[in-house]
Amino acid sequence: MELVDKYMFSFFQDMDALGIRRPNIQPRASMHILDMIEMIKGLIEKGHAYVVDGNVYFDVSTFPDYGKLSGIKYEDLIKHRIEPDPRKRNPADFALWKKAERGYLLKWNSPWGEGFPGWHIECCVMVMKYLGEQIDIHGGGQELILPHHENEIAQAEAYTGKKPFVKYWLHTGFLTINGEKMSKSLGNFISIKDALKKYEADVIRMFILSAHYRSQIDYNEESLRQAEINLTRIRETLDKLHELTEEAKPGGKSPPEVENARKSFIEAMEDDFNTPRALAEIRRLVRAANSYLTTQSRPEVETLKAYYDEILELSRALGLLQDYTPKKSGYPADVSKILDILLSVREELRKRRLYDISDDIRNKLEKIGIIVEDTATGPRIRFLRE
RNA sequence: GCCCGGGUGGCCGAGCGGUUAGGCGGCGGGCUGCAGACCCGCUCUACAGGGGUUCAAAUCCCCUCCCGGGCUCCA
């Protein structure tokens with residue numbers, strides 16, 4: 001139990017750091033042993049399970065739907081790599097309760113003697129206890145399809161008699177690293193904590209969103225770099241839109257691009273969470289906003305706001321930019337004033353074509369995180385995000 | 001060995017019978033004293049290989065190669 005706490009705590013830390021919201025309920029299997037025993041009893045009563053010497057097995061022959069999720073056929077199901085327990089009626093049957101062999105530490109009392117659950121049933125029990133006998137969405141990695149999820153379906157549907165147990169299964173693809181699967185033996189794994197030392201949470205999120213959840217995704221420098229560039233571009237555009245709002249002329253309205261992007265975004269997300277397409281819509285909007293800014297010498301406030309709000313809202317729908325605020329200098333007012341003086345002096349230098357000095361000022365400011373961009377309407381300052 | 005997924009342009013990555021995905025990078029142009037940011041254009045015989053089916057295939061069928069997952073007591 002201590003071990004569980006340790007990893008659970010570490011897991012929560014990582015999830016929080018990644019900006020993943022915590023679920024409302026996070027039940028623990030070991031706290032539901034009695035519920036599992038009840039369910040196993042029910043399955044025996046209904047004739048879907050049988051007891052053999054302290055073990056309880058699910059009788060797959062009583063559940064013709066077995067294999068409907070993975071598409072596995074009965075003939076293939078009875079083939080096996082590991083020799084099955086010969087006392088099973090059928091090699092395809094799976095354990096609901098296992099007898100604890102001598103010296104086995106993790107065990108509980110049950111009507112069938114000391115033992116432990118088959119570890120497929122806890123999910124059904126907890127789902128039914130907290131969510132109901134049938135649920136809309138069940139997630140998990142694709143490696144769980146068989147046998148774990150297949151077994152869940154068999155247990156739950158045989159027990160309740162209601163189909164389907166789950167309407168939509170969301171199976172995520174694997175994460176590889178530099179083209180290879182992560183493994184301890186290859187030593188090429190990366191922890192979330194290490195990744196977060198290198199990239200901020202939003203960059204990692206952007207990286208993951210850039211591929212469909214079902215696809216395998218490869219963690220490598222170049223892909224993370226691309227994610228970072230894409231993220232920065234969105235943020236810079238938001239900064240610019242926000243900044244210009246203050247001096248914009250009144251009037252304007254939400255341009256059609258905003259409505260279109262929103263519609264296409266929703267369409268993409270409704271299509272099995274097609275986040276790459278959804279992101280493309282955000283980028284389209286970002287480009288439209290920038291395009292508007294370059295063609296208008298004096299943009300209109302409502303148009304700017306429409307772009308700003310929509311880009312931010314769509315990004316946040318994907319969990320990006322949750323704590324975004326338009327970038328301000330973060331310097332005290334006095335320092336800002338000094339900076340303004342410095343910039344106006346630099347402008348004067350530029351007018352007098354003393355470019356070596358003005359460029360020197362620009363370079364030195366850049367070294368301390370202040371980027372000066374000379375635009376048609378005068379210098380614009382950008383502050384590097386840490 | 002068997003069963004499922006996949007292999008898309010220099011790179012990432014959608015699409016899954018006919019319509020521009022998108023991004024990164026590169027090239028050219030605009031704006032600039034320069035740089036950057038941004039905008040516009042180009043990068044268009046891209047769809048692992050070989051056979052089919054079809055008026056039409058990256059998309060359907062068959063074979064081969066490669067990668068990932070699974071094949072029941074890890075969940």
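Values below: every heavy atom of this structure, side chains too, minus hydrogens, waters and symmetry copies. Within every chain, numbering begins at 1; the chains are lettered A, B, ... in the order of the sequence lines, protein sequences first and strands thereafter.
- Side-chain contact between A:D194 and A:F189: absent, with no pair of heavy atoms (C-beta onward) separated by less than 4.5 Å.
- The side chain of A:S358 sits closest to B:rG33 out of B:rC39, B:rG33, B:rC24.
- Nucleotide B:rC65: paired with B:rG7 (Watson-Crick or G-U wobble, both distances less than 3.5 Å).
- When Watson-Crick and G-U wobble pairs are counted only if both distances are under 3.5 Å, B:rC16 pairs with no nucleotide at all.
- If you check B:rC40, B:rG25, B:rG70 against the side chain of A:P147, the one that comes closest is B:rG70.
- Side-chain atoms of A:R362 and base atoms of B:rC34 include a donor and an acceptor less than 3.5 Å apart.
- Here the side chain of A:T375 is nearest to one of B:rG33, B:rG36, B:rG25, namely B:rG36.
- Nearest nucleotide to the side chain of A:A280, out of B:rG69, B:rC38, B:rA21: B:rA21.
- Checking B:rG13, B:rA35, B:rC39 against the side-chain heavy atoms of A:R233 singles out B:rC39 as nearest.
- When Watson-Crick and G-U wobble pairs are counted only if both distances are under 3.5 Å, B:rU72 pairs with no nucleotide at all.
- Contact annotation: side chain of A:D218 to base of B:rC12, donor-acceptor pair absent below 3.5 Å.
- Hydrophobic clustering of Ile, Leu, Val, Met, Phe, Trp and Tyr side chains at less than 4.5 Å, counting indirect connections, keeps A:I135 apart from A:L144.
- Checking B:rC31 for Watson-Crick or G-U wobble geometry (two distances, each under 3.5 Å) identifies no partner in any strand.
- A donor-acceptor pair shorter than 3.5 Å cannot be found between the side chains of A:T160 and A:E133.
- For the pair A:N290 and B:rC39, the criterion of a side-chain N or O lying under 4.0 Å from OP1 or OP2 is met.
- Note on A:N274: a side-chain N or O is less than 4.0 Å away from OP1 or OP2 of B:rG15.
- The side chain of A:E373 lies closest to B:rA37 when the candidates are B:rC39, B:rC24, B:rA37.
- Remark: A:R350 is not in phosphate contact with B:rC34, judged by side-chain N or O atoms under 4.0 Å from OP1 or OP2.
- Sorted by first and then second residue, the side-chain hydrogen bond (donor to acceptor under 3.5 Å, both in side chains) pairs involving residues 295-304 of chain A (not counting sequence neighbours) form an empty list.
- When distances are taken from the side chain of A:H212 to each of B:rA14, B:rG69, B:rG22, the shortest belongs to B:rA14.
- Take the nearest nucleotide of RNA chain B for A:E122 and for A:R284: the residue whose nucleotide is more 5' is A:R284.
- Using the Watson-Crick or G-U wobble rule with both distances under 3.5 Å, B:rG25 pairs with B:rU43.
- Using a 5.5 Å limit on the distance between ring centres and a 30° limit on the angle between planes, the aromatic ring of A:F174 does not count as stacked on the six-membered base ring of B:rG69.
- At the heavy-atom level, A:D359 lies under 4.0 Å from base atoms of the strands shown.
- Look at A:S210 and you won't find any side-chain N or O under 4.0 angstrom from OP1 or OP2 of B:rC24.
- Separating the CZ atom of A:R87 from the P atom of B:rU72 is a distance of 17 Å, rounded to the nearest angstrom.
- Between the side chains of A:D239 and A:Y324, at least one donor N or O lies within less than 3.5 Å of an accepting N or O.
- When only modelled atom types and interatomic distance are considered, A:K193 and A:S10 share a side-chain donor-acceptor pair under 3.5 Å.
- When heavy atoms are screened at a 4.0 angstrom cut-off, A:L146 is found touching the sugar-phosphate backbone but no base atom.
- Checked against B:rG33, B:rA14, B:rC38, the side chain of A:Y355 finds its nearest nucleotide in B:rG33.
- Taking only side-chain nitrogens and oxygens, A:K88 never comes nearer than 4.0 Å to OP1 or OP2 of B:rU72.
- The nucleotide whose nearest atom lies closest to any side-chain atom of A:Q226 is, among B:rA21, B:rC73, B:rC11, B:rC11.
- Of the listed nucleotides (B:rA35, B:rG22, B:rA14), B:rA14 has the atom at the smallest distance from the side chain of A:P276.
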